[in-house]
Amino acid sequence: MSRERLYLFDTTLRDGAQTNGVDFTLQDKQVISGMLDALGIDYVEGGYPGANPTDSEFFSRKPDFEHARFTAFGMTRRPGRSASNDPGLAGILEAKADAICFVAKSSAYQVRVALETTNEENLASIRDSVAAAKALGREVMVDCEHFFDGYKENRDYALACAKAAYQSGARWVVLCDTNGGTMPHEIETIVGDVVKHVPGAYLGIHAHNDTEQAVANSLAAVRAGARQIQGTLNGLGERCGNANLCSLIPTLKLKQEFSDKFEIGVTTEKLATLMKVSRTLDDMLNRAPNRHAAYVVGESAFVTKTGIHASAVMKDPQTYEHVLPELVGNHRKVLVSDQAGRSNVMAELDRAGIAYDKSDPRLTRLVEELKEREAAGFAYESANASFDLLARRTLGKVPEYFKVEQFDVNVEQRYNANGQRVTVALAVVKVDVDGERLISAAEGNGPVNALDVALRKDLGKYQKYIDGLKLIDYRVRILNGGTEAVTRVLIESEDETGESWTTVGVSPNIIDASFQALMDSVFYKLVKSGAQA
């Protein structure tokens with residue numbers, strides 16, 4: 001049985017750019033649009049030409065896409081102007097784009113209050129703008145803004161706006177839940193009514209996430225007949241965000257209700273790159289990935305913590321997994337924590353590639369030590385590299401590459417060469433490498449940074465292994481109150497290959513806890529690199 005084509009429209013670079021704290025550069029837009037095209041997205045909305053210099057430059061020439069249609073966003077002609085006498089509309093029509101997505105009010109209330117014009121003039125604006133773009137050979141779509149709220153206020157007028165766009169030649173009429181407050185059952189009912197007036201093959205859905213239901217609302221619209229979904233990578237967007245394509249794409253590909261009926265541009269092979277695409281976007285924005293996000297983004301999406309669950313997953317992953325993690329580029333992970341049993345530990349040893357004997361008494365000792373250290377504040381479920389080292393040391397498999405004999409950190413305020421008062425940290429680290437004593441000193445913008453630089457400044461014969469090592473994240477948590485508070489430090493490191501790992505340190509002294517985590521990071525890099533003692 002042939003499947004219907006379902007089209008994916010990405011608005012990360014336009015609607016996603018309205019996210020608080022997100023500001024895309026031209027290079028960002030070029031890289032992200034290329035990723036979206038490679039993924040198999042049908043439409044990539046690049047922004048609003050004329051609204052700012054970055055978007056105008058981005059639309060000065062079309063990207064060399066293999067699959068996606070490059071789309072410009074903008075408003076329909078302004079009330080009281082003709083299509084030929086509207087500078088804003090002219091800027092959109094001049095953009096080097098395959099398609100144009102106009103935004104138009106479809107709520108009588110919004111027309112009256114926001115546009116301060118008449119219902120008839122708004123309808124004429126929709127018709128004229130679509131006609132102008134069509135005359136230039138562009139594929140046209142109209143985002144019917146506030147459609148669902150407008151439908152509930154004045155059904156006939158909302159439908160009139162959608163029909164005006166369709167009858168004027170728009171390829172897509174996109175129904176927007178602009179305020180994000182519509183429920184899935186309402187979406188399905190309303191879209192089911194709209195398809196009686198505009199064919200579903202011409203309808204799209206644009207859902208916002210203000211009730212945490214943008215993905216559900218998008219799927220509800222598809223069930224009712226819509227055949228285009230608009231969304232963003234990682235659910236970026238103003239306020240609470242837009243429908244998350246990183247959740248929608250796997251659902252459309254892997255859930256039988258949709259995969260049996262619909263075909264999308266994302267192939268099975270490209271689906272396996274989705275986690276990388278998601279993480280690349282977060283890295284570009286300097287954002288920590290949401291570890292609890294569905295399918296691909298979250299480290300926790302395929303994580304098992306309790307011993308009973310881990311034992312079941314090892315026997316058959318389907319006991320606690322709804323899809324294979326590899327299909328979306330993720331991987332299974334069994335956490336080691338104070339709830340861990342032998343099954344968790346063995347599963348994590350298998351994942352890390354650490355050989356062991358099930359009858360080895362040291363395995364039992366490892367389980368007990370994990371529980372004791374977790375009780376003291378260590379968090380191995382968040383520090384995969386520190387667990388790896390602890391396991392290897394307990395099983396007798398980590399060389400003593402070097403020994404830190406002493407470290408010292410001083411923080412002082414002083415005047416720099418420009419006469420400005422600055423605070424500087426100075427660290428000195430003394431290490432023993434095969435009987436050779438090496439002393440390194442370094443300044444940093446804080447004591448931990450200074451220690452990090454000094455430790456990695458000279459490790460003798462091991463220096464070549466750590467030249468590409470860098471600290472990319474540093475997190476501190478106070479575990480209890482009072483003057484004797486215990487501090488947990490988590491450090492995320494990355495090497496020259498782009499691989500990252502997390503280490504943990506715990507101590508009443510924040511510097512000591514930080515140094516524990518730094519040491520683990522260096523040792524893990526040496527083990528991973530196969531350095532010989």
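Atom set for the values below is all heavy atoms of this structure, side chains included, hydrogens, waters and symmetry mates excluded.
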Residue pair Q213 / P184: nearest heavy atoms and the distance that separates them | OE1-CD, 3.2 Å

Measure the spacing between OH of Y151 and OG1 of T189 and express it to the nearest 0.5 Å.
-> 8.5 Å

State whether the side chain of N449 and the backbone N or O of N445 hold a donor-acceptor pair below 3.5 Å, judged by distance alone.
-> yes

Go through the steps to decide whether V174 and F9 satisfy the test side-chain contact (heavy atoms from CB on, under 4.5 Å), and finish with yes or no.
-> CA-CA 11 Å; V174 184; F9 180 110; over 6 Å; no

I249 vs L39, side-chain contact (heavy atoms from CB on, under 4.5 Å): CA-CA, chis, key distance, verdict = CA-CA 10 Å; I249 292 171; L39 182 61; 4.2 Å; yes

How long is the span from the CG atom in L8 to the CD1 atom in I264, to the nearest 0.5 Å?
-> 5.0 Å

Scanning both residues in full, the closest heavy-atom pair of G237 with N242 reads CA-OD1, 3.5 Å

Distance under 6.0 Å and angle within 45° of ring axis: R3 vs F262 | no

Hey, does the side chain of R227 reach the backbone of G204 with a donor-acceptor pair shorter than 3.5 angstrom?
-> no

Check the side chains of T11 and E45 for a donor-acceptor pair under 3.5 angstrom, ignoring hydrogens and angles.
-> yes

In terms of side-chain geometry, is the basic nitrogen of D42 or R69 positioned less than 4.0 Å from the acidic oxygen of its partner?
-> no

Ion pair present between R5 and E263, side-chain N to carboxylate O less than 4.0 angstrom?
-> no

Checking T19 side chain against V22 main chain: does a donor-acceptor pair fall under 3.5 Å?
-> no

Indicate yes or no: does R155 engage D193 in a salt bridge with an N to O separation below 4.0 Å.
-> yes

Can you name the nearest heavy-atom pair linking S106 to F147, along with the distance?
-> OG-CA, 3.2 Å

Where the side chain of D10 meets the backbone of I41, is there a donor-acceptor pair that is under 3.5 Å apart?
-> no

Have S129 and T76 got a donor and an acceptor in their side chains that come within less than 3.5 Å?
-> no

4.5 Å side-chain heavy-atom contact, S56 and E94 | no

Does CD in E212 sit with more than 12 non-hydrogen atoms of other residues, nucleotides or ligands closer than 6.0 Å?
-> no

Cationic N near anionic O, under 4.0 Å, R239 to D210 | yes

Spatial distance of atom NZ (K134) from atom OG (S168) [nearest 0.5 Å] = 10.0 Å

Criterion side-chain contact (heavy atoms from CB on, under 4.5 Å) on V111 and T118, from CA distance to verdict = CA-CA 7 Å; V111 169; T118 65; 6.0 Å; no

Should F148 and V191 be marked as a side-chain contact (heavy atoms from CB on, under 4.5 Å) after you check the CA-CA gap, both sets of side-chain angles, and the distance that decides it?
-> CA-CA 9 Å; F148 293 95; V191 174; 4.0 Å; yes

Examine distances only and state if a side-chain atom of S386 and a backbone atom of V504 form a donor-acceptor pair shorter than 3.5 Å.
-> yes

Is it true that the side chains of H206 and D15 contain a donor and an acceptor less than 3.5 Å apart?
-> yes

Under 3.5 Å donor-acceptor, D495 side chain and T497 backbone | yes

Using a strict 4.0 Å threshold on nitrogen-to-oxygen distance, state whether K528 and E499 make a salt bridge.
-> yes

Can you find a pair of side-chain heavy atoms, one from N122 and one from C161, that are under 4.5 Å apart?
-> yes

Salt bridge check: are D452 and K470 linked by an N-O gap of less than 4.0 Å?
-> no

Provide the closest heavy-atom pair for C144 versus V173 in the form atom of the first, atom of the second, distance.
-> SG-CG1, 3.8 Å

Taking the six-membered ring of Y202 (Phe, Tyr or Trp), confirm whether the NZ or CZ of R171 is under 6.0 Å from its centre and within 45° of its axis.
-> yes

Donor-acceptor pair between S107 and D149 side chains, under 3.5 angstrom = no

Spell out, as yes or no, whether a donor-acceptor pair under 3.5 Å connects the side chain of K29 to the backbone of G46.
-> yes

What distance separates Q30 CD from E57 CD, expressed to the nearest 0.5 Å?
-> 7.5 Å

Measure across G181 and T211 and return the closest heavy-atom pair with its distance rounded to 0.1 Å.
-> CA-CG2, 4.0 Å

Would a distance-only check, ignoring hydrogens and angles, find a side-chain to backbone donor-acceptor pair under 3.5 Å from H67 to D37?
-> no

Smallest heavy-atom separation, R138 atom then A95 atom, equals NH2-O, 3.1 Å

Return yes if a side-chain donor-acceptor contact under 3.5 Å exists between D28 and T25, otherwise no.
-> yes

Nearest 0.5 Å please: distance from the CG atom of L245 over to the CG atom of L274.
-> 9.0 Å

Applying side-chain contact (heavy atoms from CB on, under 4.5 Å) between F24 and each of V31, L285, T54, report the one that passes.
-> L285

Verify the distance criterion only: is there a donor paired with an acceptor across the side chains of D143 and Q230 at less than 3.5 Å?
-> yes

Main-chain N/O of G88 paired with D86 side-chain donor or acceptor, under 3.5 Å = yes

Looking at side-chain heavy atoms only, is the closest gap between H197 and L159 below 4.5 Å?
-> yes

Is the number of heavy atoms from other residues, nucleotides or ligands under 6.0 Å of K253 NZ greater than 12?
-> yes

On the 0 to 90° scale, with breaks at 30° and 60°, tag the Y43-W172 ring pair as parallel, tilted or perpendicular.
-> perpendicular

Derivation of the ring-ring contact (aromatic ring centres under 6.0 Å, His included) call for F70 and F58 = CA-CA 11 Å; F70 190 43; F58 192 33; 5.1 Å; yes

Tell me whether the centres of the aromatic rings in F73 and F59 are closer together than 6.0 Å.
-> no

Given side chains that start at C-beta, do those of Q228 and I205 come closer than 4.5 Å, heavy atoms only?
-> no

Under 3.5 Å, is there a donor-acceptor pair between the side chain of T232 and the main chain of T12?
-> no

Ion pair E121/R77, N-O distance below 4.0 Å = yes

